[in-house]
**Student:** 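Here it is: the structure, laid out below.
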Amino acid sequence: MNINQNPIILNVDNLHASIQDTEILKGINLTVRSGEIHAIMGLNGSGKSTFAKVLAGHPDYHVTQGSIQYEQQDLLELSAEERAQAGVFLAFQYPIEIPGVANSQFLRLAYNTVQAKRGKEELDPLEFDDFVREKMKLLEMKPDFLDRSVNEGFSGGEKKRNEILQMALLEPKLGILDETDSGLDIDALKIVAKGVNHLHNTDNAIILITHYQRLLDHIVPDFVHVMEAGRIIKTGGKELALELETHGYDWIHNDQKRTVGAST
Amino acid sequence: MSETITNDYLGCLLNALPADSRNSGAQDTLDWLQRLRNEAIDRAGQLRFPTIKDEEWRFTDVSPLAKLPYKPAQKTSALRLSDIQPFCIVESAHRLVFVDGHFSPELSRLSKDDQFMIGNLTASALAKAPLAEAHLGQHVQFRDNFFAALNTAFLQDGALIVLPENCAVSTPIHLLFIATQEQTTQYPRCLLIGERNSQATVIEDYVALGANAYITNSVAEFSLADNTQVNHIRVQRESGSAFHLASSAVALEQDSQYRSVSITLGALISRFNLDVEFNAQAAECTIDGLAMIAGRQLADTHTRIDHAKPHCTSHQQHKCIVDGSSHAVFNGKIIVRPHAQRTNSSQSSRNLLLSGKAQIDTKPQLEIFADDVKCAHGATVGQLDNDEIFYLKSRGLNELTARNLLTYAFGAEILDRIPVPSLKHTLEQAILNQTTQNS
């Protein structure tokens with residue numbers, strides 16, 4: 001399948017997580033090495049988005065068992081902002097709107113906060129303006145994007161592009177895209193995919209969470225994982241997504257039964 | 001006179017009036033103005049000092065005030081322009097300044113060749129404004145409102161704005177009320193008369209020098225004739241020890257438009273009444289408010305929009321941000337009279353609690369007697385949203401910055417509607433400072 005021996009960025013071992021005493025994740029195992037793209041697919045309610053939120057440190061979810069190693073650190077020891085500073089980035093399925101705060105202001109605040117924590121140079125408004133405009137070209141965003149309030153009145157596609165713009169600014173080591181393709185028309189999808197491909201390199205890794213195989217035509221994964229009931233029940237290469245598209249999720253059960261049957 | 005004064009509080013105050021003020025020893029007093037004052041004195045005597053047993057004052061205990069019969073402020077101050085500089089608004093070419101309730105021509109900025117009339121509400125000015133008699137004291141319900149009655153009783157200086165027909169004032173008119181004294185009461189008053197097709201933006205601004213305890217008891221009356229458009233920005237940034245009691249009354253004629261933004265930041269106890277009356281068809285009002293308070297502050301906003309005629313539109317959004325042990329009250333009454341068909345009215349009250357000890361009382365009150373109307377209202381009280389905080393933290397911001405930014409954004413939505421950029425910016429900074437200070 002893949003013989004990548006690059007350093008491991010993320011190692012998830014038997015991860016269990018709950019929200020308000022309801023267990024959502026029931027033993028996830030996943031290893032992600034630098035340079036890789038992983039797609040996690042699955043039906044609604046399978047736990048995909050919860051997994052993304054747990055990785056990013058959402059306080060409503062409690063890890064009850066298992067571990068997450070990120071770059072030789074215990075990720076679970078870090079708060080959400082420390083994870084962001086350490087290079088974990090989550091592109092949200094539903095980015096929030098912040099009326100009254102200009103996008104440029106917000107982007108610079110996030111950028112400079114993270115830069116400072118990483119011991120890198122902060123940018124003043126003018127320098128940042130040049131910097132961010134360059135990144136915006138990649139996502140074919142209009143300049144007035146900067147003056148508008150954060151995500152307020154943005155279309156679905158604009159919000160998603162704004163997420164990828166933030167990813168471009170914060171240069172994560174591990175980018176997690178939670179249903180970034182949902183609700184996008186094909187043109188917007190291509191722009192977003194182009195942006196993601198541009199940002200992907202041998203030093204970082206990307207986890208794509210999606211319902212649809214369509215995204216994977218444009219961002220080609222090294223691995224496809226299928227989630228169900230809080231577990232990864234099948235892992236394969238990019239062709240797995242195509243098979244899912246053709247046969248549907250039920251096919252996996254039949255396929256598994258066959259496998260189980262064969263081994264006994 | 002003493003027979004009608006059954007009220008100790010009032011008696012105490014009236015003793016402070018110069019002996020000649022009731023029966024017009026003053027040389028330039030108009031008969032009708034004197035009659036108005038006398039009626040208000042009598043009315044104040046008949047009305048009780050409100051207590052929490054009164055439905056309208058249920059949440060707002062002003063009893064501490066009854067023990068503080070602060071005398072009317074005397075004219076003492078010799079402020080210089082540099083003292084008021086921080087409060088000046090660059091966009092505004094017209095400024096009326098009142099120090100402790102007294103008009104200060106030196107600090108004011110008026111241009112003589114203006115086609116509209118702006119000045120102090122003196123008898124001589126009123127004499128030149130024949131419409132004044134029909135409006136002054138005629139819109140505010142001082143007959144049922146103790147504090148408005150007191151204000152009218154003590155009516156002396158005030159802002160008078162008369163917009164003649166077809167007159168559009170291009171820059172905002174800034175009415176600046178500065179409190180400088182301790183343990184006194186100031187009685188600011190505003191009267192705006194907009195004749196047909198006129199247009200203006202008015203900023204009614206209450207500020208203080210120092211942290212004195214004093215009372216502001218103010219009344220503003222706005223009358224908008226046919227097709228008149230007025231923006232009214234009201235800023236209450238009194239000292240943190242002050243008491244602020246205010247009533248605004250707005251009368252709207254056909255096709256007129258009234259847009260107001262009221263910002264409440266200051267005062268220990270404040271109460272703001274806003275009454276809007278639709279007197280003819282097809283008029284519109286937009287009423288937005290923001291109260292941001294902390295510590296032991298209490299801020300009460302009572303609004304009443306009376307759809308007395310058909311085809312009128314009102315939109316209202318009121319927000320409160322409460323921190324510390326502060327307490328915000330919103331009571332928004334909307335009346336749609338039986339013949340006021342095709343009324344379109346919306347009201348939203350949104351409230352943000354930043355502390356476990358803070359309190360919000362919100363009471364939307366819709367009284368609809370017509371059947372062909374569109375009325376929507378809603379009220380929410382909540383804390384900052386965990387998902388929103390998480391979003392910001394996932395961008396590297398710490399918890400405190402995330403909370404401050406969201407709090408600011410909650411209020412900024414209202415500030416955004418202020419059509420005067422420098423004032424908007426000043427208030428944004430004030431809110432940002434308050435956010436960071438409280439945390």
**Student:** A quick test of your reading: do over 12 heavy atoms of other residues, nucleotides or ligands sit less than 6.0 Å from CG of A/Asp21?
**Tutor:**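 Atom CG in A/Asp21 is not crowded, with 12 or fewer foreign heavy atoms closer than 6.0 Å.
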
**Student:** In Å and rounded to the nearest 0.5 Å, what is the CG to OG distance from B/Asp416 to A/Ser149?
**Tutor:**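 Nearest 0.5 Å value for the CG-OG distance: 6.0 Å.
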
**Student:** Side chains of A/His58 and B/Asp387: any donor to acceptor distance under 3.5 Å?
**Tutor:**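 Their side chains do contain a donor-acceptor pair, which is all the 3.5 Å distance test asks for.
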
**Student:** Heavy-atom distance under 4.5 Å to chain A: side chain of B/Ile389, backbone, both or neither?
**Tutor:**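 Neither part.
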
**Student:** Under 4.5 Å from any heavy atom of chain B, what part of A/Phe89 do you find: side chain, backbone, both or neither?
**Tutor:**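 A/Phe89 touches chain B through side-chain heavy atoms alone.
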
**Student:** Above 12 or not: heavy atoms from other molecules or residues under 6.0 Å from NE2 of B/His425?
**Tutor:**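 Check fails, neighbour count at 12 or below.
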
**Student:** Heavy-atom cut-off 4.5 Å, strictly under: side chain, backbone, both or neither for A/Ala91 against chain B?
**Tutor:**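 Contact with chain B involves the backbone of A/Ala91 alone.
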
**Student:** Decide, yes or no, whether a salt bridge links B/Lys393 with A/Glu82 under the criterion of side-chain N to carboxylate O below 4.0 Å.
**Tutor:**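 Between A/Glu82 and B/Lys393 there is no salt bridge, as every charged N stays at least 4.0 Å from the carboxylate O atoms.
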
**Student:** side-chain contact (heavy atoms from CB on, under 4.5 Å), that's the test. Do A/Ile96 and B/Leu406 meet it? Break it down for me.
**Tutor:** CA-CA 10 Å; A/Ile96 66 157; B/Leu406 291 172; 4.1 Å; yes

**Student:** Show the nearest heavy-atom pair for residues B/Arg395 and A/Leu170, with the distance to one decimal.
**Tutor:**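 Taking B/Arg395 first and A/Leu170 second, the nearest heavy atoms are CD-CD1, 4.1 Å.
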
**Student:** Side chain, backbone, both or neither: which part of A/Leu169 has a non-hydrogen atom closer than 4.5 Å to chain B?
**Tutor:**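 Neither; nothing under 4.5 Å.
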
**Student:** With a 4.5 angstrom heavy-atom cut-off, is it the side chain or the backbone of A/Pro172 that approaches chain B, or both, or neither?
**Tutor:**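 The answer is neither part of A/Pro172.
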
**Student:** Which atoms of A/Phe106 are under 4.5 Å from chain B, going by heavy atoms: the side chain, the backbone, both sets, or neither?
**Tutor:**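 Side chain only.
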
**Student:** Using atom types as modelled and distance alone, determine if a side-chain donor or acceptor of A/Gln85 lies under 3.5 Å from a backbone N or O of B/Gly396.
**Tutor:**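 Such a contact is found between A/Gln85 side chain and B/Gly396 backbone.
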
**Student:** To check you understand the geometry: which heavy-atom pair defines the closest contact between B/Ala409 and A/Ile98, and what is its length?
**Tutor:**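 The answer is CB-CG2, 3.4 Å.
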
**Student:** Given heavy-atom pairs under 4.5 angstrom as the criterion, report whether the side chain, backbone, both or neither of B/Leu415 touches chain A.
**Tutor:**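 Contact with chain A is absent: no heavy atom of B/Leu415 under 4.5 Å.
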
**Student:** Could you tell me the separation between the CG atom of B/Leu400 and the CD atom of A/Glu81, rounded to the nearest 0.5 Å?
**Tutor:**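 The CG atom of B/Leu400 sits 10.5 Å away from the CD atom of A/Glu81.
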
**Student:** Return yes when atom CD of A/Gln72 has more than 12 non-hydrogen atoms of other residues, nucleotides or ligands closer than 6.0 Å, and no otherwise.
**Tutor:**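 At most 12 heavy atoms, drawn from other residues, nucleotides or ligands, come within 6.0 Å of this atom.
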
**Student:** Taking atom NZ of B/Lys357 as the centre, report whether more than 12 heavy atoms of other residues, nucleotides or ligands fall under 6.0 Å from it.
**Tutor:**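 Atom NZ in B/Lys357 is not packed in, count stays at 12 or less.
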
**Student:** Other residues, nucleotides and ligands only: do more than 12 of their heavy atoms fall within 6.0 Å of CZ on A/Arg118?
**Tutor:**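 Correct, the count exceeds 12.
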
**Student:** Which bit of A/Asn112 is near chain B, if near means a heavy-atom gap under 4.5 Å: side chain, backbone, both or neither?
**Tutor:**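 Neither part.
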
**Student:** Quick one: closest heavy-atom pair of A/Ala84 and B/Ser394, and the distance?
**Tutor:**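 Distance-wise, the nearest heavy atoms are CB-O, 3.3 Å.
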
**Student:** Any chance the rings of A/Tyr61 and B/Phe390 have centres within less than 6.0 Å?
**Tutor:**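 Not under 6.0 Å, so no.
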
